[in-house]
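Below is one structure; the comments refer to it alone.
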Amino acid sequence: MVEAYASEKYSDSDAALVIMIRHDWKLAEAENLLATPFNDLLFQAQSIHRQHFNPNEVQLATLLSIKTGGCPEDCAYCPQSVHHDTGVDAHALLKVDDVLQAARNARAGGATRFCMGAAWRNPTATQVKQVAELVEAVREEGMETCATLGMLTDAQANMLADAGLYYYNHNLDTSPELYGNIITTRTYNDRIETLASVRNAGMKVCCGGIVGMGETRMGRAGLLVELANLPDHPESVPINMLVQVEGTPLYGTEELEIFEFIRTIAVARIMMPESYVRLSAGRMGMNPEAQALCFLAGANSIFAGDKLLTTSNPETNDDDALLASLGIATQVSVT
Ligand code: SAM
Ligand code: DTB
Ligand code: SF4
């Protein structure tokens, strides 16, 4: 069960809508859900959402790029890959004081989760030690910590868990069939192995993917099935809309229709009823109405603050205005 609302139910008790936690989803089932008439799909997703969460509350998470650019991986979507010429402002690992200042600002802005991202294929032993120190410092500020540092060994995952790292983000990003078209420098199985190391170390898992990379509905279904059939559902499932960055191979990809994105959120909610589904990258390209439909579809977490890792995110004032218009409150810290 997921943290704060595990024991509370917000729906009427329509038994037909009670969905079991399943790990045996078939591709055809996910495809059928994605193809459901939009109103029926949103009704189903919202009904399930209400059984597990307060429908008028979202969680705010903030991101900080603690090490930017120069990454040896060749992820076709990513502005931080050394293989793509994107003009990103690269920098080495930030110092503790700079990270602490960013964490304090995030907390002052209402965020409960502080996620530190590093453009690494995998950290070295020294880098894990350095990040462990950052984690301890941010925890002392009273924030939930999350990190995304690339692949981890069991020992590295244990060291981060011992430092008090609460969540580890490691996305599957796309379906296994499409993975080789998007990334050639690691395999799907590499990702699965790191997720297992994170779980075994006792950390919570944040794992999702990117849509709008030119995939078909079957591709999106394939990603959702992989996520929902992990041994445990990730506690957080970020659904990113591709942010097209000039210089990356995916720049110029045909834009995904927004309703397909909203459908993906709804199906993630249905297949992983107890997970926080995060409306992640790509909100700059979404109007308030589209974001409201994402919340109706079951998204209950967003990244707050005007920057993601290297690209823009909506201004805090705009997010505050949107949430106020919708009567959505932000969740208070659970740790
Ligand atoms: N290097 C680590 C890794 O790949 O796991 C951590 C940082 S990486 C930037 C974290 C995630 O950001 C990726 O898994 C991907 O889902 C997301 N991401 C990167 N570039 C993106 C883009 N242009 N649009 C949407 N999401 C993106
Ligand atoms: C996730 O799924 N999305 C975030 C976070 N986890 C690390 C990252 C989005 C990055 C978007 C591109 C950029 O700003 O560089
Ligand atoms: Fe490196 Fe992560 Fe970007 Fe891939 S997504 S290039 S691993 S920073």
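Just follow the structure's listing: the first ligand is 1, and inside any ligand the first atom is 1.
- For the ligand labelled ligand 2, residue Val243 lies outside the 4.0 Å heavy-atom shell.
- In this model, no donor atom of one side chain and acceptor atom of the other lie less than 3.5 Å apart for Glu144 and Thr112.
- Ligand 2 has no atom lying under 4.0 Å from any heavy atom of Tyr77.
- Between Leu33 and Met271, some side-chain heavy-atom pair lies under the 4.5 Å cut-off.
- Atoms of ligand 2 lying under 4.0 Å from at least one heavy atom of Pro238, given by number and element, are 2 (O).
- Neither the backbone nor the side chain of Leu250 comes within 4.0 Å of ligand 1, counting heavy atoms alone.
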Given Arg191 and Glu226, is the salt bridge (Lys or Arg N to Asp or Glu O under 4.0 Å) satisfied, shown in steps?
-> CA-CA 12 Å; Arg191 290 309 257 193; Glu226 289 296 322; over 6 Å; no
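- Annotation: atom 5 (C) of ligand 2 to nearest protein heavy atom, Phe303 CZ, 3.7 Å.
- When heavy-atom distances to ligand 2 are checked against a 4.0 Å cut-off, Pro79 comes that close only through its side chain, counted from C-beta outward.
- Between Arg186 and Ile183, the closest heavy-atom pair is NH2-CD1, 3.4 Å.
- By the definition of a contact as any protein heavy atom under 4.0 Å away, atom 14 (O) of ligand 1 is in contact.
- Of all protein heavy atoms, the one closest to atom 6 (C) of ligand 1 is Thr148 OG1, 3.1 Å.
- Those atoms of ligand 1 with a heavy atom of Val243 less than 4.0 angstrom away are 22 (C), 23 (N), 24 (N), 25 (C).
- Counting only distance, with no hydrogens or angles, the side chain of Lys67 and the backbone of Ser65 share no donor-acceptor pair below 3.5 Å.
- Residue Arg186 touches ligand 3 through its side chain alone, judged by heavy-atom distances below 4.0 Å.
- In this structure, His233 and His23 have tilted ring planes: the angle between them lies in the 30° to 60° band.
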Worked verdict on Glu31 versus Arg217 for salt bridge (Lys or Arg N to Asp or Glu O under 4.0 Å) = CA-CA 7 Å; Glu31 284 185 285; Arg217 220 176 230 181; over 6 Å; no
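- Protein heavy atom at the shortest distance from atom 11 (C) of ligand 1 is Asn171 ND2, 3.9 Å.
- At least one heavy atom of Ala118 sits less than 4.0 Å from an atom of ligand 1.
- Under a 4.0 angstrom heavy-atom cut-off, Arg191 registers as being in contact with ligand 1.
- No heavy atom of Gln244 sits closer than 4.0 Å to any atom of ligand 1.
- Electrostatic pairing of Glu140 and Arg107 does not count as a salt bridge here, judged by no charged N lying under 4.0 Å from a carboxylate O.
- Among protein heavy atoms, atom 16 (O) of ligand 1 sits closest to Asp173 OD1, 2.6 Å.
- Counting the atoms of ligand 1 from 1 in the order shown, those under 4.0 Å from a heavy atom of Met241 are 25 (C).
- The heavy atom nearest to atom 27 (C) of ligand 1, out of those in Ile239, Ile210, Asn240, is found in Ile210.
- Using a 4.0 Å cut-off between heavy atoms, Asn240 contacts ligand 2 through its side chain alone, with no backbone atom that close.
- Tally of protein N, O or S atoms closer to atom 1 (Fe) of ligand 3 than 2.8 Å: 1.
- Ligand-side atoms of ligand 3 in range of Tyr77: 5 (S), range being under 4.0 angstrom from any heavy atom.
- Taking a distance limit of 4.0 Å, we find that atom 8 (S) of ligand 1 is approached by no protein heavy atom.
- Close approach of ligand 2 to Thr310 is summarised as follows: ligand atoms under 4.0 Å from at least one heavy atom of the residue are 13 (C), 14 (O), 15 (O).
- The backbone and the side chain of Thr311 each have at least one atom closer than 4.0 Å to an atom of ligand 2 (non-hydrogen atoms only).
- Ranking the protein heavy atoms by distance from atom 8 (C) of ligand 2 puts Leu309 CD1, 3.8 Å first.
- Not one N or O of Arg186 is nearer than 3.5 Å to an N or O of ligand 1, by distance alone.
- Residues passing the salt bridge (charged side-chain N to carboxylate O under 4.0 Å, His left out) test with Arg283, sequence neighbours excluded: Asp319.
- In this structure, atom 4 (Fe) of ligand 3 has a protein heavy-atom contact shorter than 4.0 Å.
- A donor-acceptor contact shorter than 3.5 Å is absent between the side chain of His84 and the backbone of Pro79.
- Gly150 counts as a contact of ligand 1, since one of its heavy atoms falls under 4.0 Å from the ligand.
- For ligand 1, the atoms lying closer than 4.0 Å to a non-hydrogen atom of Ala281 are 25 (C).
- Of the listed options Trp120, Tyr251, Tyr77, Tyr77 places a heavy atom closest to atom 22 (C) of ligand 1.
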